[in-house]
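In what follows, every heavy atom counts, from backbone to side chain, and hydrogens, waters and symmetry copies are set aside.
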2 protein chains.
Amino acid sequence: MRRKADESLRLDNQVCFAVYAAGHAFTRAYKPLLGKLGLTYPQYLVMLLLWEHDGPTMREIGERLHLDSGTLTPLLKRLETMGLVHRARLPEDERQLRVTLTDKGRALREAAADVPRAIGCASGLAPDEAKRLRHELVALQAALARAQ
Amino acid sequence: MRRKADESLRLDNQVCFAVYAAGHAFTRAYKPLLGKLGLTYPQYLVMLLLWEHDGPTMREIGERLHLDSGTLTPLLKRLETMGLVHRARLPEDERQLRVTLTDKGRALREAAADVPRAIGCASGLAPDEAKRLRHELVALQAALARAQ
DNA sequence: CGCATTTTAATTGTGCGCAATTGAATTCGA
DNA sequence: TCGAATTCAATTGCGCACAATTAAAATGCG
(Lines give C-alpha, C1' and ligand atoms only; values in the text may rest on other atoms or scores of the structure.)
Protein backbone atom coordinates (compact mmCIF):
# COMPACT_ATOMS: atom_id res chain seq x y z
CA MET A 1 0.00 0.00 0.00
CA ARG A 2 1.26 3.42 -0.99
CA ARG A 3 1.99 5.99 1.70
CA LYS A 4 -0.31 9.02 2.15
CA ALA A 5 2.42 11.58 1.45
CA ASP A 6 3.24 9.94 -1.86
CA GLU A 7 -0.41 9.92 -2.88
CA SER A 8 -0.80 13.61 -2.30
CA LEU A 9 2.17 14.40 -4.55
CA ARG A 10 0.57 12.60 -7.51
CA LEU A 11 -0.52 14.90 -10.29
CA ASP A 12 -3.86 13.19 -10.83
CA ASN A 13 -4.97 13.89 -7.28
CA GLN A 14 -4.70 17.61 -7.58
CA VAL A 15 -7.75 19.80 -8.05
CA CYS A 16 -5.49 22.65 -9.07
CA PHE A 17 -4.19 20.80 -12.09
CA ALA A 18 -7.75 20.00 -13.14
CA VAL A 19 -8.62 23.71 -12.95
CA TYR A 20 -5.44 24.58 -14.82
CA ALA A 21 -6.13 22.03 -17.59
CA ALA A 22 -9.81 23.02 -17.87
CA GLY A 23 -8.73 26.64 -18.24
CA HIS A 24 -6.46 25.69 -21.14
CA ALA A 25 -9.25 23.65 -22.73
CA PHE A 26 -11.61 26.63 -22.51
CA THR A 27 -9.03 28.96 -24.03
CA ARG A 28 -8.59 26.55 -26.93
CA ALA A 29 -12.36 26.24 -27.36
CA TYR A 30 -12.83 30.03 -27.39
CA LYS A 31 -9.91 30.73 -29.72
CA PRO A 32 -11.55 30.00 -33.11
CA LEU A 33 -14.76 31.82 -32.10
CA LEU A 34 -12.97 34.87 -30.72
CA GLY A 35 -10.44 34.81 -33.55
CA LYS A 36 -13.26 35.75 -35.93
CA LEU A 37 -13.90 38.82 -33.77
CA GLY A 38 -10.18 39.61 -33.56
CA LEU A 39 -10.19 39.21 -29.76
CA THR A 40 -8.20 37.18 -27.24
CA TYR A 41 -10.05 35.70 -24.25
CA PRO A 42 -8.93 38.39 -21.75
CA GLN A 43 -9.89 41.08 -24.29
CA TYR A 44 -13.29 39.39 -24.65
CA LEU A 45 -13.73 39.50 -20.85
CA VAL A 46 -13.16 43.26 -20.88
CA MET A 47 -15.64 43.67 -23.74
CA LEU A 48 -18.23 41.57 -21.84
CA LEU A 49 -17.82 43.92 -18.90
CA LEU A 50 -18.24 47.01 -21.08
CA TRP A 51 -21.29 45.57 -22.88
CA GLU A 52 -22.84 44.92 -19.51
CA HIS A 53 -22.06 48.38 -18.13
CA ASP A 54 -20.17 50.95 -20.19
CA GLY A 55 -17.68 53.41 -18.75
CA PRO A 56 -15.90 51.76 -15.80
CA THR A 57 -12.52 52.99 -14.63
CA MET A 58 -9.47 50.84 -15.16
CA ARG A 59 -9.36 50.14 -11.43
CA GLU A 60 -12.94 48.80 -11.50
CA ILE A 61 -12.12 46.55 -14.47
CA GLY A 62 -9.09 45.27 -12.62
CA GLU A 63 -11.10 44.48 -9.48
CA ARG A 64 -13.76 42.66 -11.43
CA LEU A 65 -11.35 40.55 -13.50
CA HIS A 66 -8.59 40.30 -10.86
CA LEU A 67 -6.04 41.87 -13.19
CA ASP A 68 -3.55 44.66 -12.46
CA SER A 69 -2.34 47.63 -14.47
CA GLY A 70 0.63 45.67 -15.79
CA THR A 71 -1.81 43.44 -17.65
CA LEU A 72 -4.59 45.92 -18.36
CA THR A 73 -2.64 48.93 -19.61
CA PRO A 74 -1.27 47.19 -22.72
CA LEU A 75 -4.49 45.18 -23.22
CA LEU A 76 -6.66 48.32 -23.22
CA LYS A 77 -4.21 50.09 -25.52
CA ARG A 78 -4.64 47.23 -27.97
CA LEU A 79 -8.43 47.50 -27.78
CA GLU A 80 -8.07 51.24 -28.37
CA THR A 81 -5.80 50.65 -31.38
CA MET A 82 -8.44 48.27 -32.75
CA GLY A 83 -10.94 51.13 -32.42
CA LEU A 84 -13.17 49.28 -29.95
CA VAL A 85 -12.75 51.46 -26.86
CA HIS A 86 -11.81 54.98 -25.87
CA ARG A 87 -9.54 55.79 -22.90
CA ALA A 88 -9.77 59.14 -21.08
CA ARG A 89 -8.68 60.53 -17.71
CA LEU A 90 -11.42 61.56 -15.29
CA PRO A 91 -11.57 65.40 -15.12
CA GLU A 92 -12.32 65.22 -11.38
CA ASP A 93 -9.40 62.83 -10.71
CA GLU A 94 -6.61 62.81 -13.24
CA ARG A 95 -5.12 59.63 -11.79
CA GLN A 96 -8.04 57.51 -12.96
CA LEU A 97 -8.79 56.29 -16.46
CA ARG A 98 -12.32 55.84 -17.82
CA VAL A 99 -12.84 53.21 -20.50
CA THR A 100 -15.82 53.61 -22.86
CA LEU A 101 -17.04 51.73 -25.92
CA THR A 102 -16.81 53.25 -29.38
CA ASP A 103 -19.63 52.66 -31.89
CA LYS A 104 -17.46 49.89 -33.35
CA GLY A 105 -17.07 48.35 -29.90
CA ARG A 106 -20.83 48.43 -29.31
CA ALA A 107 -21.45 46.96 -32.77
CA LEU A 108 -19.17 43.99 -31.99
CA ARG A 109 -21.71 42.84 -29.42
CA GLU A 110 -24.05 41.48 -32.13
CA ALA A 111 -21.19 39.49 -33.69
CA ALA A 112 -20.34 38.03 -30.26
CA ALA A 113 -23.93 37.13 -29.41
CA ASP A 114 -23.61 33.44 -30.28
CA VAL A 115 -20.26 32.83 -28.54
CA PRO A 116 -21.69 31.79 -25.13
CA ARG A 117 -24.14 29.35 -26.70
CA ALA A 118 -21.36 27.73 -28.76
CA ILE A 119 -19.16 27.35 -25.67
CA GLY A 120 -22.05 26.07 -23.57
CA CYS A 121 -22.65 23.50 -26.28
CA ALA A 122 -18.99 22.44 -26.42
CA SER A 123 -18.80 22.13 -22.65
CA GLY A 124 -21.52 19.49 -22.69
CA LEU A 125 -22.97 20.94 -19.49
CA ALA A 126 -26.67 21.34 -18.91
CA PRO A 127 -27.55 24.88 -17.71
CA ASP A 128 -28.18 23.75 -14.14
CA GLU A 129 -24.96 21.72 -14.04
CA ALA A 130 -23.05 24.76 -15.33
CA LYS A 131 -24.66 26.93 -12.67
CA ARG A 132 -23.74 24.58 -9.85
CA LEU A 133 -20.17 24.14 -11.10
CA ARG A 134 -19.81 27.90 -11.40
CA HIS A 135 -20.99 28.32 -7.81
CA GLU A 136 -18.49 25.77 -6.53
CA LEU A 137 -15.64 27.45 -8.39
CA VAL A 138 -16.60 30.89 -7.11
CA ALA A 139 -16.65 29.48 -3.56
CA LEU A 140 -13.27 27.83 -4.15
CA GLN A 141 -11.79 31.08 -5.44
CA ALA A 142 -13.18 32.96 -2.45
CA ALA A 143 -11.74 30.40 -0.01
CA LEU A 144 -8.30 30.67 -1.63
CA ALA A 145 -8.46 34.47 -1.53
CA ARG A 146 -9.54 34.36 2.13
CA ALA A 147 -6.62 32.06 3.00
CA GLN A 148 -4.65 34.91 1.42
CA MET B 1 -37.75 40.75 -17.93
CA ARG B 2 -34.31 40.55 -19.50
CA ARG B 3 -33.93 38.79 -22.83
CA LYS B 4 -32.13 35.41 -23.00
CA ALA B 5 -29.33 36.62 -25.31
CA ASP B 6 -28.48 39.44 -22.91
CA GLU B 7 -28.33 37.05 -19.96
CA SER B 8 -25.86 34.79 -21.70
CA LEU B 9 -23.47 37.67 -22.38
CA ARG B 10 -23.25 38.55 -18.68
CA LEU B 11 -19.90 37.79 -17.12
CA ASP B 12 -21.32 36.28 -13.96
CA ASN B 13 -23.13 33.57 -15.86
CA GLN B 14 -20.05 32.16 -17.46
CA VAL B 15 -18.46 28.97 -16.16
CA CYS B 16 -15.31 29.78 -18.12
CA PHE B 17 -14.68 32.95 -16.17
CA ALA B 18 -15.14 31.03 -12.91
CA VAL B 19 -12.51 28.51 -14.07
CA TYR B 20 -10.24 31.33 -15.19
CA ALA B 21 -10.57 33.19 -11.87
CA ALA B 22 -10.13 30.00 -9.80
CA GLY B 23 -6.97 29.27 -11.77
CA HIS B 24 -5.59 32.70 -10.87
CA ALA B 25 -6.54 32.20 -7.24
CA PHE B 26 -4.69 28.87 -7.15
CA THR B 27 -1.61 30.39 -8.75
CA ARG B 28 -1.60 33.12 -6.10
CA ALA B 29 -2.07 30.53 -3.33
CA TYR B 30 0.80 28.38 -4.63
CA LYS B 31 3.19 31.28 -5.21
CA PRO B 32 4.51 31.80 -1.65
CA LEU B 33 4.85 28.03 -1.08
CA LEU B 34 6.58 27.36 -4.39
CA GLY B 35 8.64 30.54 -4.09
CA LYS B 36 10.46 28.94 -1.16
CA LEU B 37 11.39 26.06 -3.47
CA GLY B 38 12.37 28.45 -6.27
CA LEU B 39 9.71 27.02 -8.58
CA THR B 40 6.85 28.46 -10.61
CA TYR B 41 3.60 26.48 -10.80
CA PRO B 42 4.27 25.01 -14.29
CA GLN B 43 7.78 24.05 -13.16
CA TYR B 44 6.24 22.39 -10.08
CA LEU B 45 3.90 20.40 -12.36
CA VAL B 46 6.90 19.07 -14.29
CA MET B 47 8.66 18.16 -11.04
CA LEU B 48 5.51 16.36 -9.79
CA LEU B 49 5.55 14.33 -12.98
CA LEU B 50 9.23 13.45 -12.58
CA TRP B 51 8.84 12.55 -8.89
CA GLU B 52 6.01 10.24 -9.87
CA HIS B 53 7.94 8.62 -12.73
CA ASP B 54 11.44 9.72 -13.63
CA GLY B 55 12.81 9.84 -17.17
CA PRO B 56 9.95 10.77 -19.52
CA THR B 57 10.63 12.31 -22.92
CA MET B 58 9.73 15.89 -23.54
CA ARG B 59 6.87 14.74 -25.80
CA GLU B 60 5.39 12.67 -22.96
CA ILE B 61 5.60 15.61 -20.56
CA GLY B 62 3.87 17.79 -23.14
CA GLU B 63 1.06 15.28 -23.63
CA ARG B 64 0.50 14.93 -19.91
CA LEU B 65 0.47 18.67 -19.16
CA HIS B 66 -0.98 19.80 -22.51
CA LEU B 67 2.03 22.00 -23.23
CA ASP B 68 4.05 22.28 -26.42
CA SER B 69 7.77 22.66 -27.08
CA GLY B 70 7.49 26.44 -27.24
CA THR B 71 6.59 26.39 -23.56
CA LEU B 72 8.57 23.36 -22.41
CA THR B 73 11.93 23.97 -24.07
CA PRO B 74 12.71 27.16 -22.13
CA LEU B 75 11.03 25.84 -18.96
CA LEU B 76 13.15 22.67 -18.93
CA LYS B 77 16.28 24.67 -19.70
CA ARG B 78 15.54 26.75 -16.60
CA LEU B 79 15.10 23.61 -14.48
CA GLU B 80 18.40 22.35 -15.90
CA THR B 81 20.13 25.66 -15.08
CA MET B 82 18.79 25.33 -11.52
CA GLY B 83 20.45 21.92 -11.39
CA LEU B 84 17.17 20.03 -10.84
CA VAL B 85 17.00 18.01 -14.07
CA HIS B 86 19.22 16.64 -16.79
CA ARG B 87 18.31 16.75 -20.50
CA ALA B 88 19.74 14.21 -22.95
CA ARG B 89 18.89 12.95 -26.44
CA LEU B 90 17.82 9.32 -26.74
CA PRO B 91 20.66 7.31 -28.37
CA GLU B 92 18.09 5.25 -30.30
CA ASP B 93 16.22 8.34 -31.54
CA GLU B 94 18.17 11.58 -31.60
CA ARG B 95 15.02 13.63 -32.14
CA GLN B 96 13.71 12.87 -28.68
CA LEU B 97 14.83 14.38 -25.40
CA ARG B 98 14.83 12.45 -22.12
CA VAL B 99 14.39 14.42 -18.92
CA THR B 100 15.76 12.94 -15.70
CA LEU B 101 16.05 14.16 -12.13
CA THR B 102 19.39 15.08 -10.64
CA ASP B 103 20.13 14.27 -6.98
CA LYS B 104 19.19 17.85 -6.19
CA GLY B 105 15.91 17.43 -8.08
CA ARG B 106 15.10 14.25 -6.15
CA ALA B 107 16.02 15.94 -2.86
CA LEU B 108 13.58 18.78 -3.54
CA ARG B 109 10.75 16.28 -3.17
CA GLU B 110 11.07 16.29 0.63
CA ALA B 111 10.89 20.08 0.73
CA ALA B 112 7.75 19.99 -1.44
CA ALA B 113 6.03 17.31 0.61
CA ASP B 114 3.78 19.66 2.54
CA VAL B 115 2.67 21.79 -0.43
CA PRO B 116 -0.43 19.75 -1.35
CA ARG B 117 -1.68 19.72 2.24
CA ALA B 118 -1.27 23.48 2.56
CA ILE B 119 -3.17 24.05 -0.67
CA GLY B 120 -5.86 21.56 0.27
CA CYS B 121 -6.22 23.44 3.51
CA ALA B 122 -6.46 26.83 1.79
CA SER B 123 -9.02 25.53 -0.69
CA GLY B 124 -11.40 24.71 2.15
CA LEU B 125 -12.47 21.54 0.34
CA ALA B 126 -13.01 18.24 2.09
CA PRO B 127 -11.13 15.40 0.35
CA ASP B 128 -14.32 13.92 -1.12
CA GLU B 129 -15.52 17.33 -2.34
CA ALA B 130 -12.12 17.89 -3.96
CA LYS B 131 -12.32 14.50 -5.62
CA ARG B 132 -15.78 15.15 -7.06
CA LEU B 133 -14.86 18.63 -8.28
CA ARG B 134 -11.73 17.24 -9.89
CA HIS B 135 -13.80 14.60 -11.70
CA GLU B 136 -16.22 17.21 -13.01
CA LEU B 137 -13.39 19.41 -14.27
CA VAL B 138 -11.67 16.47 -15.97
CA ALA B 139 -14.97 15.60 -17.68
CA LEU B 140 -15.42 19.24 -18.69
CA GLN B 141 -11.94 19.38 -20.14
CA ALA B 142 -12.52 16.15 -22.04
CA ALA B 143 -15.82 17.44 -23.46
CA LEU B 144 -14.15 20.65 -24.65
CA ALA B 145 -11.31 18.67 -26.23
CA ARG B 146 -13.81 16.35 -27.91
CA ALA B 147 -15.75 19.31 -29.33
CA GLN B 148 -12.29 20.16 -30.66
C1' DC C 1 18.45 2.27 -52.07
C1' DG C 2 16.78 7.06 -52.37
C1' DC C 3 13.51 10.42 -51.78
C1' DA C 4 9.16 12.15 -49.79
C1' DT C 5 6.75 12.22 -45.52
C1' DT C 6 6.46 12.32 -40.69
C1' DT C 7 8.03 13.14 -36.10
C1' DT C 8 10.36 15.81 -32.76
C1' DA C 9 12.56 19.83 -30.44
C1' DA C 10 14.03 24.45 -31.03
C1' DT C 11 13.13 29.15 -32.43
C1' DT C 12 10.46 33.40 -33.23
C1' DG C 13 6.83 36.49 -32.32
C1' DT C 14 2.62 37.98 -29.83
C1' DG C 15 -0.05 38.43 -25.75
C1' DC C 16 -1.14 37.62 -21.13
C1' DG C 17 -0.06 37.68 -15.76
C1' DC C 18 2.22 39.49 -12.03
C1' DA C 19 5.92 41.58 -8.99
C1' DA C 20 8.38 45.69 -8.38
C1' DT C 21 9.26 50.33 -9.36
C1' DT C 22 8.17 55.02 -10.97
C1' DG C 23 5.75 59.25 -11.18
C1' DA C 24 1.85 62.05 -10.96
C1' DA C 25 -2.43 63.36 -8.64
C1' DT C 26 -4.93 63.36 -4.54
C1' DT C 27 -5.84 63.05 0.35
C1' DC C 28 -4.73 63.30 5.06
C1' DG C 29 -2.89 65.10 9.23
C1' DA C 30 -0.09 67.97 12.19
C1' DT D 1 -1.23 75.19 4.71
C1' DC D 2 2.37 72.26 3.82
C1' DG D 3 4.59 68.00 3.79
C1' DA D 4 3.81 62.94 4.30
C1' DA D 5 1.16 59.19 2.97
C1' DT D 6 -1.92 57.11 -0.27
C1' DT D 7 -3.93 56.02 -4.68
C1' DC D 8 -3.65 55.24 -9.50
C1' DA D 9 -1.77 54.11 -14.12
C1' DA D 10 2.35 53.24 -16.57
C1' DT D 11 6.67 50.88 -17.09
C1' DT D 12 10.10 47.15 -16.70
C1' DG D 13 11.38 42.54 -16.35
C1' DC D 14 10.48 37.60 -16.15
C1' DG D 15 7.97 33.49 -17.19
C1' DC D 16 4.33 31.08 -19.24
C1' DA D 17 1.16 29.76 -23.51
C1' DC D 18 0.65 29.02 -28.12
C1' DA D 19 0.84 29.65 -33.32
C1' DA D 20 3.97 29.28 -37.01
C1' DT D 21 8.25 28.18 -38.83
C1' DT D 22 12.74 25.77 -39.06
C1' DA D 23 15.90 22.01 -38.94
C1' DA D 24 17.33 17.53 -37.98
C1' DA D 25 16.36 12.69 -37.44
C1' DA D 26 13.65 8.77 -38.49
C1' DT D 27 10.26 6.27 -41.25
C1' DG D 28 7.99 4.64 -45.22
C1' DC D 29 7.30 3.73 -49.88
C1' DG D 30 8.23 3.12 -54.78
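- A salt bridge links B:Glu52 with B:Arg64: the distance from a Lys NZ or Arg NE/NH1/NH2 to an Asp or Glu carboxylate oxygen falls below 4.0 Å.
- In this structure, OG1 in A:Thr40 is found 8.5 Å from CG in A:Leu45, a value given to the nearest 0.5 Å.
- A search for salt bridge (charged side-chain N to carboxylate O under 4.0 Å, His left out) contacts involving A:Arg59 returns A:Glu63, not counting sequence neighbours.
- Checked by atom type and distance alone, the side chain of B:Arg109 pairs as donor or acceptor with a backbone atom of B:Trp51 at under 3.5 Å.
- Using cut-offs of 30° and 60° for the angle between ring planes, the A:Tyr41 and A:Tyr30 rings count as tilted.
- Taking the side chain to side chain donor-acceptor pair (under 3.5 Å) definition, one finds that A:Glu80 meets it with A:Arg87, sequence neighbours left out.
- Listed by chain and number, the residues in a side chain to side chain donor-acceptor pair (under 3.5 Å) with A:Asp103 are A:Arg106 (sequence neighbours excluded).
- Near-neighbour residues of DNA chain C inside residues 137-146 of chain A, defined by a heavy atom below 4.0 Å, are absent.
- Along DNA chain C, the stretch of nucleotides lying under 4.0 Å from any heavy atom of chain A spans, 5' to 3', C:dG15 to C:dT26.
- For the OP1/OP2 pair of D:dA9 and a distance below 4.0 Å, the side-chain nitrogens and oxygens of A:Arg59 include no atom meeting the criterion.
- Rounding to the nearest 0.5 angstrom, the gap separating the CG atom in B:Leu72 from the CE atom in B:Met58 is 5.0 Å.
- Contacts between residues 20-27 of chain A and DNA chain D, defined by a heavy-atom separation under 4.0 Å, are made by A:Tyr20, A:His24.
- Residues from residues 84-96 of chain B lying near DNA chain C, meaning a heavy-atom separation below 4.0 Å, are B:Arg87, B:Arg89, B:Arg95, B:Gln96 in numerical order.
- With ring centers used as reference points, B:Phe26 lies 6.0 Å or more from A:Tyr20.
- Contact check of residues 66-79 of chain A against DNA chain D (heavy atom, cut-off under 4.0 Å) returns A:Ser69, A:Gly70, A:Thr73, A:Lys77.
- Sequence neighbours left out, not one pair with a member in residues 16-41 of chain B passes salt bridge (charged side-chain N to carboxylate O under 4.0 Å, His left out).
- Atom NZ of A:Lys31 is separated from atom P of D:dC18 by 7 Å (rounded to the nearest Å).
- Legend: residues meeting side chain to side chain donor-acceptor pair (under 3.5 Å) with A:Asp93, ordered by chain and number and at least two apart, are A:Arg95, A:Gln96.
- In this entry the distance linking CG of B:Leu65 with P of D:dA17 reads 9 Å, nearest Å.
- Annotation: the terminal axes of the helix from C:dC1-D:dG30 to C:dA30-D:dT1 meet at 10°, where each axis is the rotation carrying the C1' atoms of four end pairs onto the next four (5 pairs per end, rounded to 10°).
- Between the side chain of A:Asp114 and the backbone N or O of A:Arg117 there is no donor-acceptor pair closer than 3.5 Å.
- Going from atom OH of A:Tyr30 over to atom P of D:dC18 covers 16 Å, rounded to whole Å.
- Contacts of B:Glu129 classified as side chain to side chain donor-acceptor pair (under 3.5 Å), with partners at least two apart in sequence or in another chain: none.
- The pair B:Glu136-A:Arg132 counts as a salt bridge, with a side-chain nitrogen and a carboxylate oxygen less than 4.0 angstrom apart.
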